Structures are given as C-alpha cells and as structure tokens.
Amino acid sequence: MTGGDAPEADGIRVLPAGPYALLVELADGERAEAFHAELLRRRERGALPGVREIVPGARTVLLDGIEDGDGRMSTGRDRLSGDRPAACDRAAARDRLARDRLARDLLSWDVPPLRREERDAVEIPVVYDGPDLAEVAALWGVGADEVPGLHSRTAFRVAFCGFAPGFGYLTGLPERLHVPRRATPRTRVPAGALALAGPYTGVYPRPSPGGWQLIGRLADPAPALWDPAREPAALLGPGTRVRFVPAHAPVAAQAAVPAQATVAAHAPVPVPVQAAPQPTGPVPKSRTESGR
C-alpha cells in the first residue's frame, strides 16, 4: 500500500506511515475524537489487532508498531538484525500485510458518535480571574460573572496533547463559545493558566509564551499536570474527561499575568515534532495546524 492507493471511505482516509504504522485522517476533530475513543474501547476488550501505540492529533490518529498477529515485535531493527536475512524479510513482509489488512478493516468500522459523559472525570479546581475574562465575556455576549458557570458546566475531553509535556487540548465547548486567539501573544503565560482559543480549552503546564485568551488559573494547591515520576506522567492524557470546578480566590490574590505583556506575533517558538502546536501559531484549521 502506498499513499497513492490509500484506502478511503466517507470521512476517513488511511495512509501508510512507514512499514509498521498507519495514519488515519478524519473529516474533522469531532470524528477524530470518536475514532480514537473507539480504538481505545476495542483495545480494552482485546478486539484490536496488535498495535503498540495509538497517538491522536487534531484530525488524525496514528497507529504505530502494527504486529503481524503472532505477537512479534514490529520494528525494523528487531527484524533486520542477525544472520538470517531471508527470515527477517519474510517477517517484515508479514507485518506489512498486517498493516494493509488493518487499513482495509478500519474503513468498515461502525464508529458511534463521541459521548461526553462526566463519569470518571478528573476534577480541577479553578479560580476564574484571568486578564482576558472580560473580553471573553463580551465575545460570548454575557457578563463576566457568567463565564465561570458556562465554562465549568461543560463536559470536557482531552482530544490530543502537544506543544509542551502535559498540555492537553480539551474539546467540549459549543461553537457559539469558541473564541479567537489574541491579536498579539504574550511573552510569558504562567504555569497553571486556564486558556481558550478556537474550540479548545487548555491549561499551561509550565511558563511559556502564548496567545490564547486567559480566563483563570488553577487553584492552590494546583495539581501537577506533568510529573515524570508518576505513571502516567500526564494528568490529562488523550481521552481523559475533565470537569473544571470554580474555586474562590484569596482576597489578596492578583491577576496571574498582566494583560499588557505581549510579544510580536511573528516571534518564533520551538515546537516538539509530535503534532505540537505553537503558542504563536493559529488555532488548528486543518490536520497540520494546531497552534496555541
């Protein structure tokens, strides 16, 4: 299977990503989330053929390390070592056949719509006092005191992760509550800042530049969004359900970041390779754009 003859059906296209992986392209972010949820359900009940890693993106899902069905390791380095090249070639060919067979099977799946039930949700206490709260309220057509209720009543789900370790892109806000990025990004957004851009909600796990609208911050004591000593290290991994709980700020508390701290929109920011959105880029409009 090559990119030119990649199988596709209504709203889904399956592309080879090397000899042992598939990249599944979906029509939009909601279908990508639903497809990712279906993969997790099938893997949990043992109904998914050997796939070592599932990595969701804005409008894609990567299936990596596809096995041939006998539990063999699907890495070229394991197969191409030793003194039996013919056996290794046959094993690699079996894996490619398994990859192509799975690509065809994926198109026949009946994927139910994404369910955003709140059971087993991670609850995160938040103080809604961000410097962009009034601007977001105006965009929503409500008073600033109504923003916490509208946001906290939303059932969120982590669609995918990127930009920085522990940063999850949360979906769930209805389209009428989507907001644009700031015209000019900030030079520094503090760790724990709660932010909005386009269809996404996110919490900055560490200080960094950023152009999202800041509506609040994690309440003290703030949970660690990324802890390498924890398994899993990310508190908000793909598929995690999240609920924000309004908390009251201490009387002496001040806004977490000055509204005037800005940086030119063209300032470059390094980004990790894996579907990693930049704080200074645009909000995702296609599978290749996932800005923050």
Side-chain angles (χ1 to χ4, degrees), residues 28-30 33 58 113-119 121-159 167-186 188-205 209-220 222-223 225 236 240-262 265 277 279-285 290-292:
D28 52 44
E30 187 167 349
E33 286 189 71
L114 185 68
R115 298 188 299 271
R116 296 187 181 276
E117 59 266 37
E118 291 193 46
R119 61 182 177 83
V122 173
E123 294 191 351
I124 300 180
V126 172
V127 178
Y128 287 92
D129 63 353
D132 300 323
L133 190 66
E135 182 175 346
V136 169
L139 291 168
W140 286 4
V142 301
D145 58 341
E146 298 177 76
V147 172
L150 286 170
H151 188 264
S152 63
R153 285 196 295 270
T154 301
F156 290 98
R157 181 182 183 276
V158 182
F167 188 93
Y169 286 74
L170 281 62
T171 57
L173 283 175
E175 188 173 356
R176 64 185 178 83
L177 300 183
H178 296 179
V179 298
R181 290 169 42 84
R182 287 173 52 84
T184 307
R186 292 181 168 91
R188 186 180 188 276
V189 175
L194 176 65
L196 308 178
Y200 301 111
T201 288
V203 182
Y204 285 77
W212 288 24
Q213 308 278 1
L214 306 185
I215 63 170
R217 55 189 168 84
L218 300 187
D220 294 327
L225 298 177
L236 306 180
T240 302
R241 297 181 179 88
V242 180
R243 187 169 74 89
F244 293 101
V245 181
H248 296 291
V251 176
Q254 299 179 354
V257 62
Q260 294 79 15
T262 59
T280 54
V283 172
K285 296 180 181 177
S290 44
R292 281 197 15 206

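Along the sequence shown, residues carry numbers from 1. A quick note: this is a predicted structure, and the numbers were derived from the prediction, not measured.
Nearest heavy atom pair, residue Pro223 against residue Ile124, reads CG-CG2, 4.5 Å. Between Tyr204 and Ala195, the closest heavy-atom pair is CE1-CB, 3.7 Å. The two residues Trp212 and Gly202 have their closest heavy-atom pair at CZ3-N, 3.6 Å. Residues Ala193 and Leu214 approach most closely at CB-CD2, 4.2 Å, considering heavy atoms. The two residues Pro180 and Gln213 make their nearest non-hydrogen contact at O-NE2, 3.0 Å. Contact detail for Val127 and Ala219: the closest heavy-atom pair is CG2-CB, 4.0 Å.
Residues Pro131 and Glu135 are not in side-chain contact: their nearest non-hydrogen atoms beyond the backbone lie 4.5 Å or more apart.
Screening residues 134-154 for ring pair (Phe, Tyr, Trp, His ring centres under 6.0 Å), with sequence neighbours left out, gives Tyr128-His151, His151-Phe156, His151-Phe244.
In this structure, the separation between CG on Leu173 and NE2 on His178 is 6.0 Å, given to the nearest 0.5 Å. Remark: Tyr200 OH to Thr171 OG1 distance equals 7.5 Å, nearest 0.5 Å. Atom CG of Leu218 sits about 7.5 Å away from atom CG of Leu194, to the nearest 0.5 Å.
Scored by the side-chain hydrogen bond (donor to acceptor under 3.5 Å, both in side chains) test, Glu123 finds Arg243 as partners (sequence neighbours excluded). Scored by the side chain to side chain contact (heavy atoms under 4.5 Å, CB included) test, Pro113 finds no partners at all (sequence neighbours excluded).
Val147 pairs in a side-chain contact (heavy atoms from CB on, under 4.5 Å) with only one of the listed residues (Leu177, Val142, Leu196), which is Val142.
With Arg157 contributing its side chain and Ala159 its backbone, the two residues share no donor-acceptor pair below 3.5 Å.
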